[in-house]
Each structure stands twice: as C-alpha cells, then as structure tokens.
Amino acid sequence: MALLTCDHVTLGYDGRAVLSGLHFEVNPGDYLCIVGENGSGKSTLMKTLLGLQKPLDGTISLGGGLIRSEIGYLPQQTAAQKDFPATVREIVLSGCLARCGKRPFYTRAEKQLAAKNMEYLHLGGLAARCYRELSGGQQQRVLLARALCASRKMLLLDEPAAGLDPRVTSEMYALIRRLNREEGITLLMVTHDLVSALQEATHILHVGGVPFFGTRAAYLASPLARRFLAPEGGGQP
Amino acid sequence: MMETLRMYFQFPFVRHALIVGVLIALCSSLLGVTLVLRRFSFIGDGLSHVAFGAMSVAGVLNLTNDLLFVMPVTVLSAVLLLRAGQNAKIKGDAAVAMISVGALAIGYLLLNLFSASSNLSGDVCSTLFGSTSILTLTSAEVGLCVVLSLGVVVIFILFYNRIFAVTFDEDFARASGLRVEATNLLIAVVIAVIIVLAMNLVGSLLISALIIFPAMSAMRLFKSFLSVTLCSAILSVFCALTGILMSIVAGTPVGSTIVAVDIAAFLICQAIAAVKGGILR
C-alpha cells in the first residue's frame, strides 16, 4: 500500500500552472529525491505535499494509515531564525505540538521523546545551548530532531545540506541515510545536488519540463539524466 | 522623598495608577517578544494610532462608553494588519504605515471639526501622550483593566507552546497540523486589547515602547525563549513601577517617564551584553 500517491497532479499558484503531469507514488521505506533546476516547482511541490497549498488539478492521496500531520518537515532556515533566542530543547520539543491536540502543555512522554531524538542526532550535550550560537550543521540537526518528534513515518527534507561545507554535508547525508536504513523512515528530499541525490536515493523524481519518475537505475539510463548531469559530471555519471 | 511617596499612596488614584500600570506593562511585554521576533514591531504603533482615531470618532459621536467602540475597531484593524503581513500585493510594513498615519490624521481632523471641548490641544495631547488619564481612572475602569489583564496572562500561559511554535516557524507549525490562522487571530485580538488598555497609561504614541523595549532588552541578555519572556515581563513591570513613582515625585508626565526608564534599562542591558561578549571573546 503506497503511503503517498500523486495522480496526474498540476501545481501552481494564483491559477498559473508551474508543474503539470506529476504522477508518482511513495512506498514505505522509499528514499525519494526530488531534483530539478531552480524555479522548476520543487518548493511548490513540497508545500502542496504538506497541505500548505492545494493542487490546481489531480489528486494527492495518503494511504497506509498515514495522516497529513504525520509527515515530518525539515524546512529551509529563515532569516528570522538565525538570531532567535531559543534553546535546542525548546525547538525540538515544539515538534511534539501536533501530538498535543487541545492539551496546552507537553507530557513527560513527549519530553522524553524529544530527549531521545536529540540523543540520536548527537545533540544531547547541546540541549541547553542557544540555537543562534550553533554551527550550520548543528542547527540543521536541531530542525531534523524536531521533524522526528513530529513523525516516525515520513519526513520531507527541503535542501537539508543548503549552506553546509562539504564535510558537514556528507555527515548530514549519512545521518539521513541512517534514518532511512535503520529506522525505516520513508524520506522525500528536495535537492539541487544531483550527484549526492544519485548516491543516496532509491527513487528519483525529476521535475521541470516533462517530469520523470522511477528508480535510481531507470533514471541513470534515461536521456534526461545524461543531459542534466553533463555540466557537473562531464557527460557520464 | 519616602515621605512624599507615603503621602501620595494615601490617595486611591495613585494606587489605581500603580495597579493598572503594572498590569499593562506585564501584558504588553509578554506579547512583545513574539512581535519583535516576527518582525511585527510596528503593528503596535499602527494599532495605537487606530485606537486614537477610534477614540476621536467615539468622542464626536458622544458615546457614553468609549471602550465599546474603540475595542472592536482596534481588534478588527489588528486582524486586517496581520493578514496584510502575509499578502504579497500590499507589503505588510506599508499597510501598517498607511493605516497608522491615516487613522492619526483622520482622528485629529474629526476632533478639530466636531469637538465641543474648549481645550482641544489639551485633549489631543492627553490621548497621544497619556499625560494624566492614568491618574483619573475610576474604580470600574480599574476593575475592567484587572479582568482583561488577567485574561491576557491566562491566555498567554495556555497558548505559550503554540505561540512559540508559530513565532519560530510558521510553515512547520502549519504542516504539523497546528491551526496557525486561529493562533494568529488570537495574538491579534490580544494585542489589540493590550493596546486599548495601554492608551490610558502611556498614550497612543508611546505604546510601541512598552511592547518593544523590554523584549529587546531581555533578548540582549538571555538565550532561551522562556527566560527571555520572563525577563521581559519582570523588567517591564520594574520599569513601569519605577517610572510611575518617579513621575509622581518629580511631577513629570507618566507615559514619557516610563518610556525613559525603559530606554535606560535597554542601554544597561546592551552594555552588560557588550561587556559579557568582550570577556567571552
């Protein structure tokens, strides 16, 4: 049973289509990378999948007992967050808010969940530190821990390596891979880093022009991949 | 000096002023942190001018209770302004500026055209700078202020975690199923209530100071959202108390004295942060 199915979806805003003919499904345990040039509608797709905006046409359906608020989200950082006075613990804990329902405060179990996720992402020693004093990689791990508090089923990652140096980037990808392989969390990752995407993902969705969806192997064999990879990899992936 | 204060405390209007001043300072500082962090600092300014405009209309219409008219108008404007902040067609800051100066101008114009008062500039000055209105509160007004302030504090505590979530990351909050629009609406209504209350204390020109200064001072010193919020509340109450007492002793206008104390506190916090930063570096 697919967790997420996009059936001939057209996306856009103000009635103007940005992306059309989207047709793909995500099964439990998949690691799907969404690639495409800037302005090809990757972020619009992400927002639509999260339910922040509606598709212009077609249907997006959830299955396998997944509900929309169980999709964890790792957004790109905003300018306002860069000097936000909050501790790591406060931010991670806010991922549990969806579990609260109408209850105004967090339970002990939710606080333990937050602590466990911080530990898992090597943030245990930083719990009382201020978010704005952390390095880019640490900040990204804080937001990932928050997303994990919201969901253990499916995570949507928006450019998780944006602005990180190469060493921290590969650490970040390793952590994300571990979430997929060891914890069995289904991942959807938007990235413009096609080389890394091809190393990590099980499936590729290429948006812009005629969308491509398929396994990694099928994508590598497609003419689209060769054209898209040419400037970076010199023709042959 | 203590003698003078003891003498003044025998008057109920002085005690009223202190109670109302402390409560308003507390409430405005609580929401100040989220407003400053969300780049909405100027909404307080805009709304207070709307409240001034509404007050003038209420004055012209000869309403018996100004609050019944001023409160709904301000709440409505708060909702519209917060919504304009998300609308790309009219920029949020431009919308605030337009409503702000617009209300101020229309308010003053109406007062000039229709006012029956013999001391027009005195009236306007008192609404803008709150000069004496806090010393002329009736028991009923004090009671209303106490009830509304306690309501604001209770709402803030109950919604603290949600307010934190929408302040830090609105998109994430919305994606995890939080009703962000409802939370924003609640914040807008609470801000409007605080501003209408605060007009009595510092007048409509200086309300922004009550909202912004304690939050900015606290953010210089503390690093968690909770400690910033608590520090901002304590600092704001302390400054309001000091300001009111100083204005009584020195005979200065209440509102501007409180704001002057707030500015001094901000400079001290800034200096402490600079010294601390210097040592750590």
Side-chain angles (χ1 to χ4, degrees), chain A residues 13-14 43 46-53 67-106 110 127-134 142-143 146-147 149-151 155-156 158, chain B residues 32-41 85-89 154-183 186 215-232 269 273 276-277 280-281:
Chain A
Y13 35 85
D14 298 337
S43 323
M46 185 130 279
K47 288 204 172 119
T48 314
L49 292 178
L50 286 167
L52 302 183
Q53 64 182 71
I67 55 172
R68 186 143 269 153
S69 63
E70 280 179 326
I71 304 178
Y73 177 39
L74 177 74
Q76 292 194 44
Q77 286 191 50
T78 62
Q81 287 167 0
K82 294 235 188 290
D83 55 44
F84 200 95
T87 60
V88 170
R89 186 183 289 116
E90 285 178 317
I91 293 170
V92 174
L93 200 52
S94 74
C96 293
L97 203 61
R99 299 167 190 270
C100 285
K102 290 207 178 335
R103 179 159 38 83
F105 304 111
Y106 299 115
E110 281 156 359
R129 285 280 297 278
C130 180
Y131 180 77
R132 64 185 168 198
E133 290 170 352
L134 303 180
V142 171
L143 298 186
R146 178 184 64 166
C149 284
S151 173
L155 295 184
L156 250 79
D158 193 354
Chain B
V33 179
T34 157
L35 286 186
V36 168
L37 285 171
R38 297 177 79 186
R39 311 289 193 260
F40 275 143
S41 302
Q86 286 138 11
N87 184 344
K89 289 201 181 99
V154 169
I155 287 177
F156 184 82
I157 292 174
L158 285 180
F159 284 83
Y160 171 79
N161 287 323
R162 284 169 174 71
I163 291 175
F164 172 79
V166 290
T167 308
F168 183 71
D169 194 337
E170 214 175 282
D171 274 351
F172 180 86
R174 195 175 286 128
S176 60
L178 186 70
R179 291 170 62 210
V180 172
E181 270 67 35
T183 311
L186 183 82
M216 288 303 286
S217 307
M219 275 158 62
R220 288 285 163 279
L221 296 183
F222 288 93
K223 290 169 177 175
S224 77
F225 194 73
L226 184 64
S227 56
V228 166
T229 307
L230 289 177
C231 169
S232 156
C269 290
K276 259 186 171 171
L280 286 178
R281 226 170 277 142

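Everything numeric in this text was worked out from a predicted model, so none of it was measured. Residue numbering restarts at 1 for every chain, and letters A, B, ... go by the order of the sequence lines.
Per-residue heavy-atom pair counts under 4.5 Å with chain B were compared for A:Ala86, A:Ser94, A:Gly72, and the maximum is reached by A:Ala86. Your options are B:Val228, B:Leu178, B:Leu37, and the one with the most heavy-atom pairs under 4.5 Å with chain A is B:Leu37. Comparing A:Leu93, A:Thr78, A:Ile91 by how many heavy-atom pairs each has under 4.5 Å with chain B, the most go to A:Ile91. Ranked by heavy-atom pairs under 4.5 Å with chain B, the first of A:Tyr73, A:Phe84, A:Tyr106 is A:Phe84.
Between the CZ atom of B:Phe222 and the OG1 atom of A:Thr87 there is a distance of 13.5 Å, given to the nearest 0.5 Å. To the nearest 0.5 Å, the span separating CZ on B:Arg174 from CG on A:Leu50 amounts to 11.0 Å. In this structure, the separation between NZ on B:Lys223 and CD on A:Glu90 is 13.5 Å, given to the nearest 0.5 Å.
Among all heavy-atom pairs drawn from A:Gly95 and B:Phe172, the shortest one is CA-CE2, 3.9 Å. The minimum heavy-atom distance between A:Ala98 and B:Ser176, with the atom names listed, is CB-O, 3.0 Å.
The shortest side-chain heavy-atom distance between A:Pro85 and B:Val33 does not fall under the 4.5 Å cut-off. B:Asp169 places a side-chain heavy atom less than 4.5 Å from the side chain of A:Arg146. With a 4.5 Å cut-off on side-chain heavy atoms, B:Asp171 and A:Lys47 count as touching.
With a threshold of 4.5 angstrom between heavy atoms, A:Tyr131 approaches chain B through side-chain atoms but not through N, CA, C or O. Proximity to chain B is absent for every atom of A:Ile67, based on heavy atoms less than 4.5 angstrom apart. Proximity to chain A is absent for every atom of B:Ser227, based on heavy atoms less than 4.5 angstrom apart. Interface residue A:Glu133: only side-chain heavy atoms are found under 4.5 Å from chain B. For a residue to count as touching a neighbouring chain, one of its non-hydrogen atoms must lie under 4.5 Å from one of that chain's; by this rule A:Arg103 touches chain B with the backbone only.
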Less than 3.5 Å apart, which donor and acceptor atoms pair up between the side chains of residues 157-166 of chain B and the rest of the protein, not counting sequence neighbours?
from: B:Tyr160; atom 1: OH; to: B:Leu226; atom 2: N; distance (Å): 3.4
from: B:Asn161; atom 1: ND2; to: A:Pro104; atom 2: O; distance (Å): 3.1
from: B:Arg162; atom 1: NH2; to: A:Gly101; atom 2: O; distance (Å): 2.5

